[in-house]
Amino acid sequence: MIRPRTGRRARAHRGIRGVLASTIAVGLVASGQLLAPASASADTEIPEDTGTVELSLTAGIHGVVAPDAPVTATVTIDNGSDAALAAGRVTVEINRTPLADAESLTAWLDGGDADGTFTSIGSEESGDVAASESASTSVSATSAALGDLPEGVYPLRALISGPEISGVAGATSVLVVTDDTDLQLTVVVPITATPEDGGLLSADELTALTAPDGPLTAQLDGAAGTSAALAVDPLIPAAIRALGTAAPADATAWLARLESLSNERFALQPGDADATVQARADLPELLSTLPLTPYLDPADFTAPPADGETPAPTPTASDPELPSDAELTALGGAESGVLWPLGDVRTADLAAFDDYLGTDVTTILPSTSVTSESAAHVEVDDHRILVSDADASAVLSEAAATTDESDRERTITSGIARLSLVPQASLLVGLDRDETRTADALRETILALSSIADLTPLSEARASDPASATIVSDDSRDRADALEHLLADEARLTSFATILDDPLVLLSPERIEILRLIGVGTANQFVPGTGTHRTETTATLNAVGVQQPSPVQLFTAAAPLPVWVHNDLPWPVNVTLTSRPSDARLDIEPRTEVVAQPASNTRVKVPVSARVGSGVLDVRFGLTSPTGVRIGTDQTATVTVRAEWEGIGLGILGGVIGLLLVLGIIRTVVRRRKDRAADSDA
């Protein structure tokens, strides 16, 4: 098994104290409150910000400082106004009453509310700041100024004052005092990519995603060299391998790089499908892709001829040998037995996971689904779970997607503070599914976590002794019911697809679309996406059918009836046209085999013959598949039968012909008599 290199991270952690003493300062940006003067009470009313000058405050390493260590804070003045800001004095204050929990942290950062009082830990003169410019001022605080602060998260703020300065909002931040070298932290980064059509990524999409500045490249750039575990959608390597020799060079290089990284990795469900909704729908096994052969072109798997060698004929479906689905979706060096579903699980769902993958299954769940206060690795009725801190994971996911450096630093510090408030010896951060992260944001977020803990590989977290826990049950079936509707529609499509030469050209993309619809990263779009998908399925089922015939007048005993079959699919279809008259006065061919061409209307001539009698009757036309499945909607044609008109017409025609013959004979006889009389006279 490939293991990440953790020595450099550990050495960095041991050097925190020395770094904190330096003047390197990063931290938290905030604005929106005018802070009270030094030593003022924390609950002093803060007026609204009426200016365009903003302060940002940074301290320590992402807000972290070791006990009894000095700290340097940096206050940045961003003058967004049209006038210069006069020189003043910048003051940094700390509240020695630590924040108790995540709720109080949010109240302080978002609203400026905190118990206790603030005292100054240092101040410095600030110079003039020109319009639309920014300037930074460093404020150093000795360990004596900080005092003997026990480990905890403390409110920190900065303000600026001066004779010519007013109405400038202050900045809020926190200072995390910690020296917990025993804290173990695991980070999991999902790598997903969703194609526009819901199937496999196309060559053009892969070209854009794996380009040097592409989103998938950014994911690897951000995670490479860290101890973060990668959770990869196996349909990404499948899309690359399915193109064979036609795969973009950047995509092939991206896949090779992924499999060469030292980061631990495991495969998500295809399309990042959620295992929880499948267990809730009582599926006997996890959904998987149907054979991916429709995405394979045999020509892309033929080795190019050597120099001077005659090119081989166009390959057939059996020559050359095409890769199997397992080969297409393989993820080299991946951990097995890991599921990362949505968190609304029940204990019964965990048992279903064991049935799906075997008893050695580790499920990653958010802390909102599990009650445990001791470790990230827990056990519920012999089911092993890695618990990600939901609050911190959400904040750090936001940081990993933030391009503005100041905003990102603010968010990172908030996430670290939230982790520091969790009383556990081991923690796990599972970043949200996000396909737009930048490399710098992702990398900085991962490395920032080393300021409070040693980053632990996923395999070590799984191997640790689990603590006991209980599941916070959720019995909702809304998503399960929607999935059952999707699978029922898929069953109808399976029957419908028998009209195709290769049903997989329709069914394989359909299954992938369902997997993506129930994806963890698209949970918020599942319900509306289901409605749209079902509408599209109905349109597909109605893509082949009989067009409404026009009324027909039948004046002969035997003639073909014209019927049109429409096919809106991009493939030819094989159907049987059935014809059923409503009256015995008409004999009609009951079954006519039809091959309807793609995206066109095909004319079918149905032989009919009229019996004795006349009148109006209906003929019902329908389509069936080769297996007898009804296709489309039956249509009815109105046929007016006038079969006796044929005999009457023939009689009249015979009489006219006979009369003409008699008249011709008479005329000939008369003419000859006249000729003989003329000859006699001569």
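- Here the side chains of Ile446 and Leu442 are in contact, with some heavy-atom distance below 4.5 Å.
- Inter-residue side-chain proximity for Ser420 and Leu183 is flagged as unmet; no heavy-atom pair is nearer than 4.5 Å.
- Residues Leu396 and Leu419 are in side-chain contact: their nearest non-hydrogen atoms beyond the backbone lie under 4.5 Å apart.
- With respect to Arg257 and Asp221, a salt bridge is recorded, a charged nitrogen being found less than 4.0 Å from a carboxylate O.
- In this structure, the side chains of Leu220 and Leu261 come closer than 4.5 Å at one or more pairs of heavy atoms.
- You'll find the side chain of Val429 stays beyond 4.5 Å of the side chain of Ser397, heavy atoms only.
- Cation-pi check for Arg157 over Trp108 is not met; the charged atom does not lie both under 6.0 angstrom from the ring centroid and within 45 degrees of its normal.
- Smallest separation of non-hydrogen atoms from Leu206 and Pro248: CB-CG, 4.3 Å.
- Looking at heavy atoms from C-beta onward, Thr445 lies out of side-chain contact with Arg437 at the 4.5 angstrom threshold.
- Using a 4.5 Å heavy-atom cutoff, the side chains of Leu328 and Asp325 are in contact.
- A salt bridge does not link Asp407 with Arg410: every distance from a Lys NZ or Arg NE/NH1/NH2 to an Asp or Glu carboxylate oxygen is 4.0 Å or more.
- To the nearest 0.5 Å, atoms OG1 (Thr276) and CG (Leu342) are separated by 6.0 Å.
- Using a 4.5 Å heavy-atom cutoff, the side chains of Pro215 and Glu435 are not in contact.
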